[in-house]
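Here is how names work: the chains are called A, B, and so on, in the same order as the sequence lines, proteins then strands, and each is numbered from 1.
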2 protein chains.
Amino acid sequence: MIRDLHMIGFDADDTLWRSEDYYRDAQSEFERIVGTYIDLDDAHDRLYAVEKRNLALFGYGAKGMTLSMIEAAVEITGSRISGHDVHRIVELGKAVLQHPVELLPGIAEAVDTIARDHQVVLITKGDLFHQEAKVRRSGLSDLFRRIEIVSEKDTATYARLLEEFELAPSQFAMIGNSLRSDIVPVLELGGCGVHMPYHVTWAHEAEAVPPSALDALDRLRSVRTPSELPAAVRALVAG
Amino acid sequence: MIRDLHMIGFDADDTLWRSEDYYRDAQSEFERIVGTYIDLDDAHDRLYAVEKRNLALFGYGAKGMTLSMIEAAVEITGSRISGHDVHRIVELGKAVLQHPVELLPGIAEAVDTIARDHQVVLITKGDLFHQEAKVRRSGLSDLFRRIEIVSEKDTATYARLLEEFELAPSQFAMIGNSLRSDIVPVLELGGCGVHMPYHVTWAHEAEAVPPSALDALDRLRSVRTPSELPAAVRALVAG
């Protein structure tokens with residue numbers, strides 16, 4: 001069987017460029033700051049609990065994370081956090097927003113190769129303003145036919161995008177590092193996926209994959225590096 | 001002359017529903033909080049200066065405003081702001097994100113009437129996650145053919161959207177409360193505008209309008225209330 005893969009979607013953070021590392025660095029620094037007030041080994045978990053509680057209100061992205069860090073710092077220190085340290089936390093968030101866009105080795109060539117045979121689009125979730133800035137700084141925007149920044153990457157979102165693109169799910173494959181956001185919802189719709197794990201994954205993205213997605217293993221490929229992506233897409237086309 | 005106005009765009013905040021009032025309330029409360037540390041009458045201006053400085057990094061929206069309020073509170077109080085008051089400022093931001101969506105009187109009927117003769121789309125700038133939540137809560141989303149949430153409303157953005165819609169600027173009119181964001185860029189491209197001022201305008205939106213836009217007064221109408229919008233659109237069609 002030959003699959004007619006008309007369009008290939010690429011995730012952005014930790015698929016095209018490094019991202020989670022910068023969030024991790026900010027969170028480590030946050031732990032050092034609150035660690036000067038109180039001796040605890042679960043600052044990380046308490047921050048994640050605040051982030052998760054706020055997700056329905058803030059959505060994804062560095063600004064929401066920074067507000068959650070500030071809220072968690074007040075909570076963890078029993079309101080003893082100083083104005084100076086609050087300011088340091090704001091600066092941590094700004095550093096994440098300003099981090100350089102460092103492409104993963106070989107990704108530009110992989111996108112370029114895949115774009116010769118397929119339409120390629122970028123589909124990323126998170127903060128509109130920050131994601132647009134990163135796309136601009138990446139130098140990759142001309143390779144993509146469309147750039148879609150969405151608030152959540154679930155089956156409803158992918159279904160809406162495929163309708164806008166006038167494609168059947170079977171004509172679409174998504175490439176990304178998150179099983180939860182990039183792979184499972186597309187497989188569930190009947191599309192294909194190429195999973196390229198990143199060396200670190202945010203706890204939220206690492207949550208369990210529903211067993212229903214495991215029925216679709218013939219529509220899933222897995223690679224370790226960007227240089228393996230074109231062959232994985234060709235393998236999906238070959239069926 | 002009859003104008004072929006194929007599509008009418010609506011702004012959202014302060015055009016479909018109340019918004020700026022909630023930001024004003026948060027800022028008044030911010031001034032009360034920092035006012036307990038220091039006696040000054042320019043807290044408002046100092047907050048706006050911080051917001052403006054951060055705009056290129058944060059973009060528009062309540063999360064960025066909240067981070068700017070926290071930064072300004074540290075700055076204005078010489079770092080004396082307490083953890084308790086920092087938390088109150090975070091809560092002010094959350095209140096803005098959760099405010100009820102209160103439609104302007106008559107706007108649902110006006111959109112519905114205009115939608116009988118034209119395609120209507122919603123074009124709003126700001127935080128993707130918050131704007132999507134407000135659109136959902138408004139109950140108006142089914143009236144709009146497309147909902148576009150953008151990071152900036154300038155001529156480049158409107159030109160990109162019109163290209164996606166496959167429309168010439170002369171086939172498009174934009175309805176909104178901000179001359180800077182809703183009216184001037186569309187007039188500059190050759191489109192039409194209906195200005196519906198809101199009773200309060202954020203300083204950033206109230207900045208001067210370039211004189212070039214004044215050449216296009218035959219493509220501009222102005223109304224005081226939503227109930228006047230259908231007639232204003234008909235007047236633009238009549239040319």
Side-chain angles (χ1 to χ4, degrees), chain A residues 34 37 50 53-91 93-98 124-133 135-136 146-152 157 160 164, chain B residues 34 37 50 53-91 93-98 124-133 135-136 146-152 157 160 164:
Chain A
V34 299
Y37 292 85
V50 173
R53 190 171 77 203
N54 286 336
L55 203 53
L57 194 56
F58 292 159
Y60 300 101
K63 284 179 290 195
M65 179 198 68
T66 310
L67 288 169
S68 288
M69 287 200 297
I70 292 166
E71 185 175 320
V74 172
E75 197 177 290
I76 292 171
T77 65
S79 297
R80 288 184 299 120
I81 186 93
S82 72
H84 175 72
D85 284 335
V86 167
H87 191 242
R88 282 172 71 196
I89 296 173
V90 173
E91 292 299 317
K94 286 190 178 179
V96 171
L97 287 169
Q98 288 174 298
T124 178
K125 78 168 185 284
D127 186 80
L128 179 64
F129 197 78
H130 187 205
Q131 293 293 345
E132 281 187 357
V135 171
R136 265 196 310 276
R146 278 183 59 166
I147 290 161
E148 297 289 339
I149 299 166
V150 296
S151 58
E152 185 59 274
T157 298
R160 173 178 66 76
E164 274 188 41
Chain B
V34 299
Y37 292 85
V50 173
R53 189 170 80 203
N54 286 336
L55 203 54
L57 195 56
F58 292 158
Y60 300 100
K63 285 179 292 197
M65 179 197 70
T66 310
L67 288 169
S68 289
M69 286 199 299
I70 292 166
E71 185 175 321
V74 172
E75 198 177 290
I76 292 171
T77 65
S79 298
R80 288 183 298 120
I81 186 95
S82 72
H84 175 71
D85 283 336
V86 167
H87 191 242
R88 283 173 70 197
I89 295 173
V90 173
E91 292 299 317
K94 287 189 177 181
V96 172
L97 287 169
Q98 289 175 299
T124 177
K125 77 168 185 285
D127 186 80
L128 180 62
F129 196 79
H130 187 204
Q131 293 292 345
E132 281 187 358
V135 171
R136 264 195 312 275
R146 277 181 63 164
I147 291 161
E148 298 288 338
I149 299 165
V150 297
S151 58
E152 185 59 274
T157 298
R160 173 177 68 76
E164 274 188 39

To the nearest 0.5 Å, what is the distance between NE2 on B:His84 and CD1 on B:Ile89?
10.5 Å
List for me each residue that meets salt bridge (charged side-chain N to carboxylate O under 4.0 Å, His left out) alongside B:Arg80, sequence neighbours excluded, and say none if there are none.
none
Do you know which of B:Glu71, B:Glu152, B:Lys94, B:Glu75 has the most heavy-atom pairs under 4.5 Å to chain A?
B:Lys94
Atom group of A:Ala72 that falls short of 4.5 Å from chain B, counting heavy atoms
neither
Close side-chain approach of A:Ile76 to A:Tyr37, heavy-atom, < 4.5 Å:
no
Scanning both residues in full, the closest heavy-atom pair of A:Leu57 with B:Gln98 reads CD1-CG, 3.2 Å
Quick one: what part of A:Leu55 sits under 4.5 Å from any heavy atom of chain B, side chain, backbone, both or neither?
backbone
Residues of residues 63-70 of chain A near chain B, each having a heavy atom less than 4.5 Å away:
A:Lys63, A:Gly64, A:Thr66, A:Leu67, A:Ile70
So which heavy atom on A:Phe58 is nearest to which on B:Phe129, and how close?
C-CD2, 3.7 Å
Could you tell me which non-hydrogen atom of B:Ala62 sits nearest to which non-hydrogen atom of B:Gly93, and how far apart they are?
CB-O, 4.5 Å
In terms of heavy-atom pairs under 4.5 Å, which option from A:Asp85, A:Val86, A:Asp127 contacts chain B the most?
A:Val86
At a heavy-atom separation under 4.5 Å, does A:Glu164 approach chain B through its side chain, its backbone, both, or neither?
side chain
Set of residues satisfying salt bridge (charged side-chain N to carboxylate O under 4.0 Å, His left out) with respect to A:Glu148, sequence neighbours excluded:
A:Arg146
Who are the side-chain contact (heavy atoms from CB on, under 4.5 Å) partners of B:Glu132, not counting sequence neighbours?
A:Ser151, B:Leu128, B:Arg136, B:Ile149
